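Being a predicted model, the structure only gives us computed values, none of them experimental.
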Amino acid sequence: GMDDQRAEQLSRARVFSTAPGAYSPNIQFLARAGDQRGDQADMAALYRDRMGHVYGGGQQGAAWPALFADTVKGLQGAVLPRSSDVNGMLDHPMSAAFLGGLDMAARAAGGAGAELYVSRPDRAGGDSLQSAARAVQEELTTRYFNPRWIAQMQAHGYDGARTFLFLTDQLDLWNSTTQQVVTSADWAKVKSVYVDDEYGLDMQAFLDRHNPYAEQGLLANLLGAADEVGAEREAVGDARGAVGALRRDPHLLGRRLDLL
């Protein structure tokens, strides 16, 4: 039901984004929305509708979500370009929302999914292109699982505690969009560092004093990961996955209830 000229234009459509004046896929909000938390079908539909606007070939942001879905169905790889470490992969939800969302959208459209990469043109040699998983692991190792970095964040009190909460928010969004980036071992390490105080940084006292809300959110994300990631690992045969143990941890459950 369209004329030949319009069909010819749309057949060459390759540039998709949000509507004019809009920004972000918005799935970072749906990922945390009550009963719909982590619902991939709803998240994929929102991503398709938000990102399914065509540019170029006479199109200036017209909505063609079905065309977007048909295009990403055959997607094999996606690359997120970064030029510095000023804003990291886990500092905000946009990396997971845009890049992880593409893998989710490709699978929701009936495709096999896309391999996810990060390009770093500022780095010479073989590190200029790396998997998204490796990029996130670098950040976890050098920042969030680094006791010196954590101590510097603690020096910022309330805002430092928010940074620890935001880490778990972003890990949760990666989990909600793709299985390539965050593992159950990562969540187990978060618990070891921020709940069990692996580095002896008086983490519970710090959070209780400076930002109990951040502690509550961090624990809620850990328990959510235990339910979502642990159940998924068990479904594919990894019943002994590290995250599965979090659901049976009375210490973690007790800490969560104390803050309610």
For K73 and D70, what are the C-alpha separation, side-chain angles and deciding distance, and is it a salt bridge (Lys or Arg N to Asp or Glu O under 4.0 Å)?
CA-CA 5 Å; K73 180 178 179 179; D70 189 60; 5.7 Å; no

Test side chain to side chain contact (heavy atoms under 4.5 Å, CB included) on D169 and L218 and set out the steps.
CA-CA 8 Å; D169 285 345; L218 186 152; over 6 Å; no

Trace of the side chain to side chain contact (heavy atoms under 4.5 Å, CB included) decision for V182 with D172
CA-CA 9 Å; V182 178; D172 183 67; over 6 Å; no

Do T71 and W64 pass the side chain to side chain contact (heavy atoms under 4.5 Å, CB included) test, and can you show the C-alpha distance, the side-chain angles, and the key distance before you say yes or no?
CA-CA 11 Å; T71 301; W64 288 95; over 6 Å; no

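Side-chain contact between L140 and L167: present, with at least one pair of heavy atoms (C-beta onward) separated by less than 4.5 Å. Counting heavy atoms from C-beta on, the side chains of M51 and F98 come closer than 4.5 Å. At least one side-chain heavy atom of R107 sits under 4.5 Å from a side-chain heavy atom of D103. Between F164 and M203 there is a side-chain heavy-atom pair separated by less than 4.5 Å. Considering only heavy atoms from C-beta on, F16 stays 4.5 Å or farther from V72 through its side chain.
Note on ring orientation: taking the six-membered ring where Trp is involved, the planes of F68 and Y47 are tilted (angle from 30° to 60°).
Not a single donor-acceptor pair under 3.5 Å links the side chain of H210 to the backbone N or O of G157. Within the 3.5 Å criterion, the main-chain N or O of W174 finds no donor-acceptor partner in the side chain of T178. Using modelled atom types, no side-chain atom of S192 and backbone atom of A188 make a donor-acceptor pair closer than 3.5 Å. The closest donor-acceptor contact from the side chain of Q40 to the backbone of S176 lies under 3.5 Å. With hydrogens and angles ignored, the 3.5 Å screen pairs a side-chain donor or acceptor of N146 with a backbone N or O of R148. A donor-acceptor distance shorter than 3.5 angstrom exists from the side chain of R50 to the backbone of Y23, with no hydrogens or angles considered. Side chain of D197 to backbone of L201: a donor-acceptor contact under 3.5 angstrom is found. Side chain of R48 to main chain of A66: no donor-acceptor pair is present (N/O by atom type, distance under 3.5 Å, no hydrogens or angles). A donor-acceptor distance shorter than 3.5 angstrom exists from the side chain of Q180 to the backbone of A114, with no hydrogens or angles considered.
The cluster map of Ile, Leu, Val, Met, Phe, Trp and Tyr, joined by side-chain heavy atoms under 4.5 Å apart, puts V181 and F166 in different clusters. Hydrophobic clustering (ILVMFWY, side-chain heavy atoms < 4.5 Å, transitive): Y199 and W149 are in one cluster. No chain of hydrophobic side-chain contacts below 4.5 Å, direct or via other Ile, Leu, Val, Met, Phe, Trp or Tyr residues, connects L165 to F206. Under the 4.5 Å side-chain heavy-atom criterion for ILVMFWY residues, a single connected hydrophobic cluster contains both M153 and F145. Each of Y213 and V190 belongs to its own hydrophobic cluster when Ile, Leu, Val, Met, Phe, Trp and Tyr are linked at side-chain heavy-atom distances under 4.5 angstrom.
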Side chains of residues 78-94: which donor-acceptor partners sit under 3.5 Å, not counting sequence neighbours?
| unit_1 | atom_1 | unit_2 | atom_2 | d |
| --- | --- | --- | --- | --- |
| R82 | NH2 | S84 | O | 3.2 |
| R82 | NH2 | N87 | O | 2.8 |
| S84 | OG | V86 | N | 3.2 |
| D85 | OD1 | R120 | NH1 | 2.9 |
| D91 | OD1 | R143 | NH1 | 3.4 |
| D91 | OD1 | Y144 | OH | 3.1 |
| D91 | OD2 | G88 | N | 2.6 |
| D91 | OD2 | R143 | NH1 | 3.1 |
| H92 | ND1 | M94 | N | 3.1 |
| H92 | NE2 | G88 | O | 3.4 |

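The two residues M43 and L173 make their nearest non-hydrogen contact at CE-CD1, 4.2 Å. Of all heavy-atom pairs spanning L116 and G100, the tightest one is CD1-CA, 4.1 Å. Closest of all the heavy-atom pairs between G77 and L75 is O-CD1, 3.4 Å. Of all heavy-atom pairs between N211 and R162, the closest is ND2-CG, 3.4 Å. The nearest pair of heavy atoms linking Q59 to V54 is CB-O, 3.5 Å. Contact record, A97 with P25: O-CG, 3.8 Å, taken as the closest heavy-atom pair.
Distance CG/D208 to CD/Q216: 11.5 Å, rounded to 0.5 Å. L223 contributes atom CG, which lies 10.0 Å from atom NZ of K191 (distance to the nearest 0.5 angstrom).
Side-chain atoms of N175 and W187 include a donor-acceptor pair closer than 3.5 Å. Side-chain atoms of E115 and Y117 form a donor-acceptor pair, as typed in the model, at a separation below 3.5 Å.
Between K189 and D186, none of the side-chain N atoms (NZ, or NE/NH1/NH2) sits under 4.0 Å from a carboxylate O, so this pair counts as no salt bridge.
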